[in-house]
**Student:** 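Below is one structure. I have some questions about it.
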There are 2 protein chains.
Amino acid sequence: MTYTSDFPFVYLTADVVAFRVRPGTGLSVLVVKRGNAPYRGRYAFPGGFVGEREDVERAARRELREETGVRDRALRLLEIGAYAGPRRDPRHRTVSVAFLAVVGPDTTATAGSDAADVEWLPVAELLGARGRARLAFDHEEILTDAHLLLRDRLESTSLGLGLLPAEFTVAELRQVYEAVWDRELDPGNFQRKVTATAGLLRDTGKLSVGGRGRPAGLFRAGGTDEIWPPMSRDRDR
Amino acid sequence: MTYTSDFPFVYLTADVVAFRVRPGTGLSVLVVKRGNAPYRGRYAFPGGFVGEREDVERAARRELREETGVRDRALRLLEIGAYAGPRRDPRHRTVSVAFLAVVGPDTTATAGSDAADVEWLPVAELLGARGRARLAFDHEEILTDAHLLLRDRLESTSLGLGLLPAEFTVAELRQVYEAVWDRELDPGNFQRKVTATAGLLRDTGKLSVGGRGRPAGLFRAGGTDEIWPPMSRDRDR
DNA sequence: ACAAAAGTGTTAATCCTACACCCATGA
DNA sequence: TCATGGGTGTAGGATTAACACTTTTGT
């Protein structure tokens, strides 16, 4: 059908910047290789038009589900911001509301119905000096903002727990922080900090198996979202 | 003219939540009384359509200028978020990008060209139990978000300085914090904190005149935006 | 036994809070 | 002189950073 309007209008899309952390590859982000112009061959974040009566966050959640199969209702999306520059899409003025998502290390990319290449790419590759011009549209700016938001939220919220399986050790949680902050943390102090923050972690009583050294306790998310006082709080980053 | 589209589209508007602090009335926000349906008689934030080739932030700046005369290029707008619910405007789907602005205490509301009532209303009146249903659309939610953002930014940035004249005393800055946080602060500790934060304030060498008690030093913004370690950092709020 | 990783103890530095106290002005 | 607010001094508490040290496992 054709829509008509007496005023200038824009298209509305929802984009998702989904982060994942794996021991080997560190912090990665989910991208789709574009098969068509504009920006053919470059990477873009999963996203698409918001349905006529659809909520923007719901659209973002739908995009994430289509590319990863993640349908966790508890998964929270954080709004990064609105990207609305008049020339950001050469075809038509488009406003994208971008959301940040964190998923577990076992989340894989499932090729979308349009047979596009869906990949997890390390953030360092995309934002480093060598990685420039690999992202489509203004998605490099979106990634920069998303990365900053992720780093910031790890300080004072439990967002980092979303990057782990349901049960995890304190060392795994520390490695998540080290990957996101690109910085080593003192194991002892980290241990004390997260276990002393009331409600952040729940001890399962179980111990991890395998691995070198003394077995570690297994924890689950404790339900509290706020970390107070915040983690880190250093100004060298 | 008439615009046509093969896809569903939305209107794009920019809204400004401008805050002001005055000794008597505390923290207030700039609103426009609506003269037409929908929500006739309720208050809305200054805002309007973004021009076809206009940047959203520029549109917000234009709206603020039209209602207050403020044309300060240095005035920074902080994005609060995008408001895009499918039913937030009963006439047509409209996406509003809302910005936070802080202006000096002498900024007055200038009636717009559409002769609408432009007023500064205390935030407490609009968000308190008695003030419910005085704002149009989803502007109560926007105000809540703006208020939270303002309170948060005062902790770690120099944003509060925007609520003062070019030259001010430490006590005036403290009163700004007290108005925004709705909480009394220890004058001595506040003095030490803001003067010890490198680059935050610049001492003019001049002293305030009039007023009771010992004259206070007059300061200007020092240029640094970051306050580290942050102000306040208490969890009683 | 040794290496490796988990987890605890300890100390010193930093920063904030509370509040005492002196300073400089108007009434 | 007294009240008022500006500004500094100081002691105690909370939190962190650095690192030593013990615990518990695999090799």
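We use all heavy atoms of the structure for the numbers below, so side chains are in, but hydrogens, waters and symmetry mates are not. Order of the sequence lines fixes the chain letters, A, B, ..., with proteins taken first and strands second; residue numbering starts at 1 for each chain.
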**Student:** Rounded to whole angstroms, how far apart are CD on Q191(B) and P on dA18(C)?
**Tutor:** 18 Å
**Student:** What integer distance in Å separates F190(A):CZ from dA5(C):C1'?
**Tutor:** 15 Å
**Student:** Is any NZ, NE, NH1 or NH2 atom of the basic residue among D225(A) and R76(A) found under 4.0 Å from an Asp or Glu carboxylate oxygen of the other?
**Tutor:** yes
**Student:** Checking T107(A) now: which residues fulfil side-chain hydrogen bond (donor to acceptor under 3.5 Å, both in side chains) with it, not counting sequence neighbours?
**Tutor:** none
**Student:** Ignoring hydrogens and geometry, is there a side-chain-to-backbone donor-acceptor pair from T224(B) to E226(B) under 3.5 Å?
**Tutor:** no
**Student:** Distances for protein N/O vs nucleotides 9-12 of chain C N/O pairs under 3.5 angstrom?
**Tutor:**
unit_1	atom_1	unit_2	atom_2	d
dG9(C)	N7	R192(A)	NH1	3.1
dG9(C)	O6	R192(A)	NH2	3.0

**Student:** Mark yes or no for whether S96(B), through its side chain, and A98(B), through its backbone, hold a donor-acceptor pair below 3.5 Å.
**Tutor:** no
**Student:** Please report, rounded to the nearest Å, how far the C1' atom of dG7(C) is from the CG atom of L207(A).
**Tutor:** 12 Å
**Student:** Whole angstrom is fine here: how far is it from CZ in F168(A) over to C1' in dA6(C)?
**Tutor:** 16 Å
**Student:** From CG of D186(B) over to P of dC16(C), roughly how many Å is that when rounded to an integer?
**Tutor:** 13 Å
**Student:** dG5(D) C1' sits how many Å from E172(B) CD, rounded?
**Tutor:** 13 Å
**Student:** Counting only heavy atoms and a strict 4.0 angstrom limit, can you tell me which residues of residues 212-222 of chain A come near DNA chain C?
**Tutor:** R212(A), G213(A), R214(A), P215(A), A216(A), G217(A)
**Student:** Taking CE from M231(A) and C1' from dT15(D), how many angstroms apart are they, rounded to a whole number?
**Tutor:** 13 Å
**Student:** Nearest-Å distance, CG (L185(B)) to C1' (dA18(C))?
**Tutor:** 14 Å
**Student:** Under 4.0 Å from OP1 or OP2 of dC16(C): is there any side-chain N or O of K193(B) that close?
**Tutor:** yes
**Student:** Please name the pair of heavy atoms, one in R22(B) and one in P105(B), separated by the smallest distance, quoted to 0.1 Å.
**Tutor:** NE-O, 2.7 Å
**Student:** Relative to the ring of Y177(A), is the ring of W181(A) parallel (under 30°), tilted (30 to 60°) or perpendicular (over 60°)?
**Tutor:** perpendicular
**Student:** Could you tell me how the ring of F19(B) sits relative to the ring of H147(B): parallel (under 30°), tilted (30 to 60°) or perpendicular (over 60°)?
**Tutor:** tilted
**Student:** Does atom CG of D72(A) have more than 12 heavy-atom neighbours, drawn from other residues, nucleotides or ligands, at distances under 6.0 Å?
**Tutor:** yes
**Student:** Checking E172(B) now: which residues fulfil salt bridge (Lys or Arg N to Asp or Glu O under 4.0 Å) with it, not counting sequence neighbours?
**Tutor:** none
**Student:** With rounding to the nearest 0.5 angstrom, report the CZ to CZ distance, R73(B) to R71(B).
**Tutor:** 9.0 Å
**Student:** List the residues meeting salt bridge (Lys or Arg N to Asp or Glu O under 4.0 Å) with E140(A), not counting sequence neighbours, and say none if there are none.
**Tutor:** R132(A)
**Student:** Bend across the helix from dA1(C)-dT27(D) to dA27(C)-dT1(D), to 10°, with axes taken over 5 pairs at each end?
**Tutor:** 10°
